[in-house]
Amino acid sequence: MEEIKVFGEIRDGRFWPKNSDVYMEKMRQAGEVNDCILTITGKNSRTPDQNNYAFAMCNVIAERVNQDGWNFNAYDVYKKIEDDKCWTVAKNEETGQTAKHLKPLKEHSRERFWEIIEEARLEYMVRLDIHIKTPAEFYGLSEKAYDLW
């Protein structure tokens with residue numbers, strides 16, 4: 001039995017693979033298949049506007065710390081936020097043992113992603129004595145309009 005695992009999105013009722021060349025090659029390799037099962041596992045990952053805002057915020061922070069002689073980019077700041085705020089504890093149900101591990105920021109729910117980014121925004125504003133726009137300010141909306149969006 002051949003299993004094909006690809007990532008993508010559903011738009012207009014169709015599946016759109018992220019890397020269509022790899023997907024098509026896997027389909028060719030599978031050959032002729034009479035019966036198959038399609039399983040779609042949804043993921044509530046961050047939205048494009050969440051991602052854009054997070055990296056814009058990280059860029060503002062990087063620009064500010066670089067004024068103090070550091071050499072950081074937005075991705076470095078993103079990874080620092082991840083390292084500071086994304087540690088979690090996993091538990092082995094059979095043995096009861098626990099282990100601390102880093103859950104990448106991008107794997108958190110949309111809600112938790114926003115909580116982490118907002119916590120970081122507030123902390124860096126105080127720590128660096130700067131103003132970092134809220135998402136509503138970043139997109140040029142009122143807070144109420146942004147919440148509705």
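Quick caveat: nothing in here was measured; it's all calculated off a predicted structure. Hydrogens, waters and symmetry mates play no part in the numbers below; they use all other heavy atoms, side chains included. Positions are given from 1, in the same order as the sequence printed here.
Every residue was checked against the ring-ring contact (aromatic ring centres under 6.0 Å, His included) condition with Y75, not counting sequence neighbours, and none meets it. With sequence neighbours excluded, no residue satisfies side chain to side chain donor-acceptor pair (under 3.5 Å) with Q67. Contacts of N71 classified as side chain to side chain donor-acceptor pair (under 3.5 Å), with partners at least two apart in sequence or in another chain: none. Scanning for side chain to side chain donor-acceptor pair (under 3.5 Å) contacts around W16 gives an empty result, with sequence neighbours left out.
Ion pair D83/K79 not flagged as a salt bridge, since none of the NZ, NE, NH1 or NH2 atoms sits closer than 4.0 Å to an Asp/Glu carboxylate oxygen. The existence of a salt bridge linking E107 and R112 is excluded, since no basic side-chain nitrogen approaches an acidic carboxylate oxygen closer than 4.0 Å.
If you take CG on N73 and CG on D76, they are separated by 4.0 Å, rounding to the nearest 0.5 Å. In this structure, H108 NE2 and E115 CD are separated by 10.5 Å, a value rounded to the nearest 0.5 Å. In this structure, NZ on K85 lies 8.0 Å from CD1 on I116, to the nearest 0.5 angstrom. Between the SG atom in C58 and the CD1 atom in I117 there is a gap of 5.5 Å [rounded to 0.5 Å]. If you take CD on E123 and CE on M125, they are separated by 11.5 Å, rounding to the nearest 0.5 Å.
Shown here for A120 and M57, the closest heavy-atom pair between the two residues is CB-CE, 4.2 Å. Of all heavy-atom pairs between E143 and T134, the closest is OE2-OG1, 2.9 Å. Heavy-atom minimum distance, V65 versus W70: O-CD1, 3.3 Å. Residues E82 and L102 share a closest heavy-atom pair of O-CD1, 3.3 Å. E137 and I132 make their closest contact through OE1-O, 4.4 Å (heavy atoms, listed as atom of the first residue, atom of the second, distance). Minimum interatomic distance between A136 and S142 (heavy atoms only, all atoms of both residues): CB-O, 3.8 Å.
Within a 6.0 Å sphere centred on CZ of R14, other residues, nucleotides and ligands contribute 12 heavy atoms or fewer. Open room surrounds CG on D129; 12 or fewer heavy atoms of other groups in view lie less than 6.0 Å from it. Heavy atoms of other residues, nucleotides or ligands lying less than 6.0 angstrom from CZ of F15 number more than 12.
Under the 3.5 Å distance criterion, the side-chain polar atoms of D84 are left unmatched by any main-chain donor or acceptor of I81. For K26 (side chain) and K5 (main-chain N/O), a donor-acceptor pair under 3.5 Å exists by modelled atom type. Judged purely by atom type and a 3.5 angstrom limit, Q50 uses its side chain to pair as donor or acceptor with the backbone of R110. A donor-acceptor distance shorter than 3.5 angstrom exists from the side chain of N66 to the backbone of F72, with no hydrogens or angles considered.
Each of F113, W114, Y139 was evaluated against Y53; a single residue qualifies, W114, per the ring pair (Phe, Tyr, Trp, His ring centres under 6.0 Å) test.
Residues I130 and F138 are members of one and the same hydrophobic cluster, defined by side-chain heavy-atom contacts under 4.5 angstrom among Ile, Leu, Val, Met, Phe, Trp and Tyr.
Applying the ring pair (Phe, Tyr, Trp, His ring centres under 6.0 Å) test to every pair with at least one member in residues 77-104, sequence neighbours left out, gives these pairs: F55-Y78. The side chain to side chain donor-acceptor pair (under 3.5 Å) pairs that include a residue from residues 29-39 are E25-Q29, where partners are two or more places apart or lie in different chains.
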Exercise for the section: Mind running side-chain contact (heavy atoms from CB on, under 4.5 Å) on I4 and V6 for me, showing each step along the way? Expected result: CA-CA 6 Å; I4 298 172; V6 293; 4.0 Å; yes
